[in-house]
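Reading through the structure tokens given below for one structure.
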Amino acid sequence: MFALLDCNNFFASCERVFRPELAKTPIVVLSNNDGCVIARSQEAKALGIAMGAAVHLVRPLIQRYQVRVFSANFELYGDLSNRVFSLLQESLSPKAVEIYSIDEAFLDLSMLEPRLLVDFCQELRRQTHQWTGIPVSIGIGQTKTLAKVAAGLAKKNAYKPNPSTHSGVFSLATLPCHNDSQDSILAQVPVQDIWGIGFRLTPALQGRGIQTAYDLKYADDAVLLKRYGSTLLRTVWELRGTICYPLKTTCSVRKSIVCSRSFGQMVESFTDLMQAVATYTARASEKLREDGLQAGCITVSIRTNRFRPDEKQYRASHSIRLPVPSDDTPTLIQAARQCLEHIYQHGFLYHKAGILLQELTLLSARQQDLFEVPSEHSAVLMKTLDKLNRHHGHGSIRFASEGLTRPWWMKQSHRSPCYSSRWEERPRIQVQAL
DNA sequence: TCTGGGGTCCTAGGACCC
DNA sequence: TCTGGGGTCCTAGGACCC
């Protein structure tokens, strides 16, 4: 038996944890560079501010309803996310929790008697809110896909005008999978709300008369497999109660690391562009070392602003395979420079750059190279660098190639403090003497 | 003026092998 | 008129997720 615990309006809820006076205020959180809306509080959703909306398009709504605007603060969200998941792992067991994303976790509840499931989840929900300040919804189902469907329904119930005490938890598991009442619930769920059905599949399925989760559950396997592949078929089987996606608790080694950002202002020169690429490479290398990995391949990509069709457009990327896998920032920056030299074209206004590290291997399982000259010096230097940056914040110690003034740096005009992860930004309490 | 960032998995097709 | 069959590996592109 699976449950999906989903944090409600997560980024907006995080902003409220340390600003309780904003409990009823509409809130939006913006993407890096303050470009578009990536999270909304319930009040902001009710105002009709769409997910992903460009800020300049919803500015009138923001001003009219005095919506509180925040720049994304992923350090804060990551820290609160860890607190929520630690609590789950303590309440259940680390082996029963799969951290699926920054704000969601699948839980294996097969150790509980079915009649206790809902009460257990209610208690978990209450405790999470009390201990972390984050409101959550929980869905229960025989498979992950059904638990996801249930979580969606739980969230809807939680924000009804008069939520009942049982809102915020929804179980599909108290009903057998081929029961009419479970089917009647699935018949209310639009096909695009199912986990795994995206914006491409939705119109294709609708064109075949598949409008709801119920329609998909009873669709023809052979047709779906031939036309759409095995991934969709797994989703269908999960709707029928057959587990195709077991709980993944061992954290698998990741396969790529990306660092890409759009610029605060357009960049034209090679020097400025290289500064950005060096900065992103340094950040990605840091992540690489955090996970004890080395990269065998690096890709650099650059592009102009695709939203300005009247300007000359250009996009390109180039990859280099390193002679020996590396986690050394200078080595990777050097390779990134070669990539950029390969694709840079003078005369364009660049809007975004990114780097991608691939062919990641564990440092502990590295293949020795016959001609390699091992450098212990590098390992010590990188370790020291990471320690300093962990303690004083990202980018406190940088490579000169990352630049000093950095005019291209992203805009973050409304970032809240990292209340819970930086000493100098911790909340202050003023006590007034009576 | 202003439109995100970081991931995974699957499939088709080409290149190559014997 | 007719031009093998079976296999692996790699890559690009497309789909999805949050």
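First the proteins, then the strands, lettered A, B, ... as listed; each starts at 1.
For A:N305, counting side-chain heavy atoms from C-beta on, the closest listed nucleotide (B:dG4, B:dT3, C:dC16) is B:dT3. Distance from the side chain of A:S256 is smallest to B:dT8 among B:dT8, B:dG6, C:dC16. Closest approach to the A:L201 side chain among B:dG6, C:dC16, B:dG5 is made by C:dC16 (side chain taken as heavy atoms from C-beta onward). Minimum atom distance to the side chain of A:W195 is reached by C:dC18, of the listed B:dT3, B:dG6, C:dC18. The side chain of A:I38 lies closest to B:dG4 when the candidates are C:dC18, B:dG6, B:dG4. Nearest nucleotide to the side chain of A:K287, out of B:dG7, B:dG5, B:dC9: B:dG7. You'll find that the side chain of A:K148 is closest to C:dC18, out of C:dC18, B:dT3, C:dC16.
Residue A:R16 comes nearest to A:K24 through the heavy atom pair NH2-C, 4.2 Å, listed as atom of the first residue, atom of the second, then distance. Of all non-hydrogen atoms in A:L76 and A:P417, the two that sit nearest each other are CD2-O, 4.3 Å.
Residue contacts for A:F199: at a heavy-atom cut-off of 4.0 Å it reaches the sugar-phosphate backbone alone, with no base atom in range. No engagement by A:D34 is indicated, since no non-hydrogen atom pair under 4.0 Å with the nucleic acid exists.
Rounded to whole Å, the distance from CG on A:N33 to C1' on B:dT1 is 12 Å. The separation between A:L232 atom CG and B:dT8 atom P is 22 Å, rounded to whole Å. For the pair A:Y100 OH and B:dG6 C1', the computed distance is 13 Å after rounding to whole Å. Between the CD atom of A:Q192 and the C1' atom of C:dC17 there is a distance of 16 Å, rounded to whole Å. Note: CD1 (A:I194) to P (C:dC17) measures 10 Å, nearest angstrom. Regarding A:F11, its CZ atom lies at a distance of 11 Å from the C1' atom of B:dG6, rounded to whole Å. Rounding to whole angstrom units, CD of residue A:E359 and C1' of B:dT8 are separated by 17 Å. The separation between A:I99 atom CD1 and B:dG6 atom C1' is 17 Å, rounded to whole Å.
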Quiz prompt | Secondary structure string for DNA chain C (Watson-Crick or G-U under 3.5 angstrom, | for other-strand pairs) | solution = ....||||||||||||||
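The number of heavy-atom neighbours closer than 6.0 Å to CZ of A:R126, taken from other residues, nucleotides and ligands shown, is above 12. A:R315 CZ: 12 or fewer foreign heavy atoms inside a 6.0 Å radius. Heavy atoms of other residues, nucleotides or ligands lying less than 6.0 angstrom from CD of A:Q66 number 12 at most.
Proximity of A:K248 to the phosphate of B:dT8: no side-chain N or O atom is located under 4.0 Å from OP1 or OP2. Contact annotation: A:S262 reaches the phosphate of B:dG5 (side-chain N/O to OP1 or OP2, under 4.0 Å). For A:K255 and B:dC9, the shortest distance from a side-chain N or O to OP1 or OP2 is below 4.0 Å. Here A:K352 reaches the OP1 or OP2 of B:dG5: one of its side-chain N or O atoms lies under 4.0 Å away. Taking only side-chain nitrogens and oxygens, A:R254 never comes nearer than 4.0 Å to OP1 or OP2 of B:dG6.
Separating the CG atom in A:L385 from the CE atom in A:M382 is a distance of 5.5 Å, to the nearest 0.5 Å. A:Q313 contributes atom CD, which lies 10.5 Å from atom CZ of A:F307 (distance to the nearest 0.5 angstrom). Rounding to the nearest 0.5 Å gives a distance of 12.5 Å between OG of A:S317 and CD1 of A:I355.
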Pairs under 3.5 angstrom, nitrogen or oxygen only, protein versus nucleotides 10-15 of chain B, please.
residue: B:dC10; atom: OP1; partner: A:R234; partner atom: NH2; Å: 2.7
residue: B:dT11; atom: OP1; partner: A:S230; partner atom: N; Å: 3.1
residue: B:dT11; atom: OP1; partner: A:S230; partner atom: OG; Å: 3.2

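With ring centers used as reference points, A:Y350 lies under 6.0 Å from A:Y344.
Classification of A:E425 and A:R415 as a salt-bridged pair holds, one side-chain N sitting under 4.0 Å from a carboxylate O. Between A:D79 and A:R83, at least one side-chain N (NZ, or NE/NH1/NH2) sits under 4.0 Å from a carboxylate O, which counts as a salt bridge.
If you check residues 42-62 of chain A against DNA chain B, the residues with a heavy atom closer than 4.0 Å are A:A54, A:H56, listed by number.
Nearest-nucleotide positions on DNA chain B place A:R306 closer to the 5' end than the other of A:V258 and A:R306.
For the pair A:K144 and A:F106, the cation-pi criterion (under 6.0 Å, within 45° of the ring axis) is fulfilled.
The side-chain hydrogen bond (donor to acceptor under 3.5 Å, both in side chains) test with A:Q275 singles out one residue from A:W409, A:Y280, A:W408, and that residue is A:W408.
Going from the P atom of B:dT3 to that of C:dC17 covers 25 Å, rounded to whole Å.
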